[in-house]
Amino acid sequence: MSTNRKFTWEELSSLNQKHNAHVAVRGKVYDVSQFLSRHPGGSDILIMAAGRDVTITFECYHAFSDRALKTLNKYYVGDLISNEFPTFPELGSFYTTTRDRVQKYFERTNQDAKNSPWMWLRHFTMPAMIVFLWLAQIFWLRDSIFLSCVAAGFMGWFSALSAMVNHHDARVVFIVIVCCSHFSVSRSPVMWRVVGHLQDFMIGTSYYVWVYQHIFGHHPYTNIDGVDPDITTAEHLGLRTRIQDISTIFIYKRHRTVRLNEPSTSHLIVEWPQPGEDGKMKRDWAELQVETTQDYATDSWFFNVFTGALNHQTAHHLFPDVNQIYYPQITPIVRQACKEFGVRYNYKDTFTEALGAHIGHLKRLGQQQEESARIKREE
């Protein structure tokens, strides 16, 4: 294949199978089909990424090393001449400085950004509590409706935590789901897959659909209306069912704004950034991540543990593959960089203040919609 071939995003989208897997980064297209089996992160994620522009995903998941880009350049085959979604300018000094400081912090403290004994304790405790509370309702509390309801309530809470900690970090999962989907628990692709699919069974969510929605949709295009699947209001995440996951994967092959490839054998909104008419964002991705995100109570042990570190959304979005147990340590680094580079850092001292600000923002949006509707009626 000629190295000066031109690809439209539609042509790129068709190159999404093992034998022809192509990805785009910063306008360049790479044929990674021969690299699948050698990818340190496993072949699954590359196959899921195939057929799309993965610029932001690539850059934030390889933030602490330039080795990935050097390897990727070996597979260059052409250029992308059109885009399906908005594009961002090159990452600026704010992000590169913050990234270098975070990297040096982990080197200086001799800590592994993906491993911590305390995190493993959380990973095992959450599922264990779900099983314990389930057994309690069946065997030990079956004669008490009140105590069974209490146990059921706590079981629901631990199920949500398990999702935010285990599922999210291992794939970019709620405590179990959040950590697995962000690949921030260990460096083993096998571990990510096992923990992710364990959550399929434990809480009934689809690991496969979640990765597309969260890694390839929400994180690269946070709060961009019409692109970020997490703010698509036509369908509520909490009402999804297993039947919907099946139809999403095998019938529609699309989850809200995100295309799905064939399977292989507490965000608090601050503002809604929009691209220009040319489809390009005016600010770089990292600065928009910070300015459209709300942190709260970052010094609170309770919220650090029992929200899956959702109170550290800024650090999480800048460095999604860092294990959430380290967010309280790197948030001061991020905050200081924001101050130095004049990037607005949104922070509330308490959860109630953050929730109130979020509700107030939604109220203003509703009032703007009502005002627009009134003007149209008058016209």
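In this chain, residues are counted from 1 in sequence order.
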A.B. asks: Taking Arg283 for the side chain and Leu288 for the main chain, is one N or O donor matched with an acceptor at less than 3.5 Å?
C.D. replies: no
A.B. asks: Could you list the residues that satisfy side chain to side chain donor-acceptor pair (under 3.5 Å) with Gln289, not counting sequence neighbours?
C.D. replies: Thr222, His317
A.B. asks: According to ring pair (Phe, Tyr, Trp, His ring centres under 6.0 Å), who are the partners of Tyr105, at least two apart in sequence or on a separate chain?
C.D. replies: none
A.B. asks: Apply ring pair (Phe, Tyr, Trp, His ring centres under 6.0 Å) to Phe132 and Trp140, showing your working.
C.D. replies: CA-CA 10 Å; Phe132 171 77; Trp140 309 311; 5.6 Å; yes
A.B. asks: Would you check if Trp9 and Asp53 make a side-chain contact, meaning some heavy-atom pair closer than 4.5 Å?
C.D. replies: no
A.B. asks: Side chains of Arg344 and Asn346: do they bring a donor and an acceptor to under 3.5 Å?
C.D. replies: yes
A.B. asks: Is a side-chain N or O of Asn20 found less than 3.5 angstrom from the main chain of Gln17, in a donor-acceptor match?
C.D. replies: yes
A.B. asks: So, do Gln137 and Leu147 sit near enough that their side-chain heavy atoms are less than 4.5 Å apart?
C.D. replies: no
A.B. asks: Among all residues two or more places apart in sequence or in another chain, which pass the side chain to side chain contact (heavy atoms under 4.5 Å, CB included) test with Ser65?
C.D. replies: Arg67
A.B. asks: Name all residues meeting the side chain to side chain contact (heavy atoms under 4.5 Å, CB included) criterion together with Lys282; count only those two or more places apart in sequence or in a different chain, and write none if there are none.
C.D. replies: Asp278
A.B. asks: Is there a side-chain contact between Gln294 and Lys348 (heavy atoms, below 4.5 Å)?
C.D. replies: yes
A.B. asks: Taking a hydrophobic cluster as the set of Ile, Leu, Val, Met, Phe, Trp and Tyr residues connected by side-chain heavy atoms closer than 4.5 Å, whether directly or through intermediates, do Val23 and Ile81 fall within one such cluster?
C.D. replies: no
A.B. asks: In terms of side-chain heavy atoms, does Asn304 have a donor or acceptor partner in Asn311 at a distance below 3.5 Å?
C.D. replies: yes
A.B. asks: May I ask you to check whether Phe64 and Phe319 place their ring centres under 6.0 Å from each other?
C.D. replies: yes
A.B. asks: Just jot down the salt bridge (Lys or Arg N to Asp or Glu O under 4.0 Å) partners of Glu59, sequence neighbours excluded, or say none.
C.D. replies: Arg26
A.B. asks: Who passes side chain to side chain contact (heavy atoms under 4.5 Å, CB included) against Phe139, sequence neighbours left out?
C.D. replies: Leu135
A.B. asks: Taking side chain to side chain donor-acceptor pair (under 3.5 Å) as the test, write out the residues that go with Thr314, two or more places apart.
C.D. replies: Asp295
A.B. asks: For Asp143, enumerate each residue passing the salt bridge (Lys or Arg N to Asp or Glu O under 4.0 Å) test, keeping only those at least two apart in sequence or located in another chain.
C.D. replies: none
A.B. asks: List the steps, then state whether side chain to side chain contact (heavy atoms under 4.5 Å, CB included) holds for Met281 with Thr87.
C.D. replies: CA-CA 6 Å; Met281 305 298 294; Thr87 58; over 6 Å; no
A.B. asks: Flag the pair Asp66 and Lys70 as a salt bridge only when some basic side-chain nitrogen lies within less than 4.0 angstrom of an acidic carboxylate oxygen.
C.D. replies: yes
A.B. asks: For Lys6, enumerate each residue passing the side chain to side chain donor-acceptor pair (under 3.5 Å) test, keeping only those at least two apart in sequence or located in another chain.
C.D. replies: Asp79
A.B. asks: CG/Leu15 to CG/Asp31 distance, rounded to the nearest 0.5 angstrom?
C.D. replies: 8.0 Å
A.B. asks: Less than 4.5 Å apart, any side-chain heavy atom of Cys60 and any of Tyr95?
C.D. replies: yes
A.B. asks: Test of understanding: with ring pair (Phe, Tyr, Trp, His ring centres under 6.0 Å), list the residues that count as partners of Phe58, not counting sequence neighbours.
C.D. replies: His62
A.B. asks: May I ask you to test the Val25-Leu72 pair for a side-chain heavy-atom distance under 4.5 Å?
C.D. replies: yes
A.B. asks: Could you tell me which residues satisfy side chain to side chain contact (heavy atoms under 4.5 Å, CB included) with Arg142, sequence neighbours excluded, listed by chain and number?
C.D. replies: none
A.B. asks: Hey, quick one: are Leu141 and Ile145 part of the same hydrophobic cluster, counting side-chain heavy atoms closer than 4.5 Å, chains of contacts allowed?
C.D. replies: no
A.B. asks: List in chain and number order the residues that pass side chain to side chain donor-acceptor pair (under 3.5 Å) with Thr331, two or more places apart in sequence or in another chain; answer none if no residue qualifies.
C.D. replies: His312
A.B. asks: Do Arg335 and Tyr347 form a cation-pi contact, if we require the NZ or CZ to be under 6.0 Å from the six-membered ring centre and within 45 degrees of the ring's axis?
C.D. replies: yes
A.B. asks: Flag this pair as yes if the NZ/CZ of Lys28 is under 6.0 angstrom from the six-membered ring centre of Tyr76 and inside a 45 degree cone about the axis; otherwise no.
C.D. replies: yes
A.B. asks: Say whether Trp134 and Phe146 are linked into one hydrophobic cluster, either directly or through other cluster members, by side-chain heavy-atom distances under 4.5 angstrom.
C.D. replies: yes
A.B. asks: Which distance, rounded to the nearest 0.5 Å, do you find between the CG of Asp100 and the CD1 of Ile333?
C.D. replies: 11.5 Å
A.B. asks: Crowded around Glu340 CD? As in, over 12 foreign heavy atoms under 6.0 Å?
C.D. replies: yes
A.B. asks: What distance do Met155 atom CE and Ser148 atom OG have between them, rounded to the nearest 0.5 Å?
C.D. replies: 12.0 Å
A.B. asks: I need the Asp228 CG to His219 NE2 distance, nearest 0.5 Å.
C.D. replies: 9.5 Å
A.B. asks: Hey, are the side chains of Phe106 and Ile330 touching, using non-hydrogen atoms and a 4.5 Å cut-off?
C.D. replies: yes
A.B. asks: Quick one: CG on Leu12 to CZ on Phe7, what's the gap to the nearest 0.5 Å?
C.D. replies: 7.5 Å
A.B. asks: Quick one: are Lys339 and Tyr345 in side-chain contact, heavy atoms under 4.5 Å?
C.D. replies: no
A.B. asks: So, do Phe94 and Cys338 sit near enough that their side-chain heavy atoms are less than 4.5 Å apart?
C.D. replies: yes
A.B. asks: Between Tyr30 and His22, is the gap from one ring center to the other below 6.0 Å?
C.D. replies: no
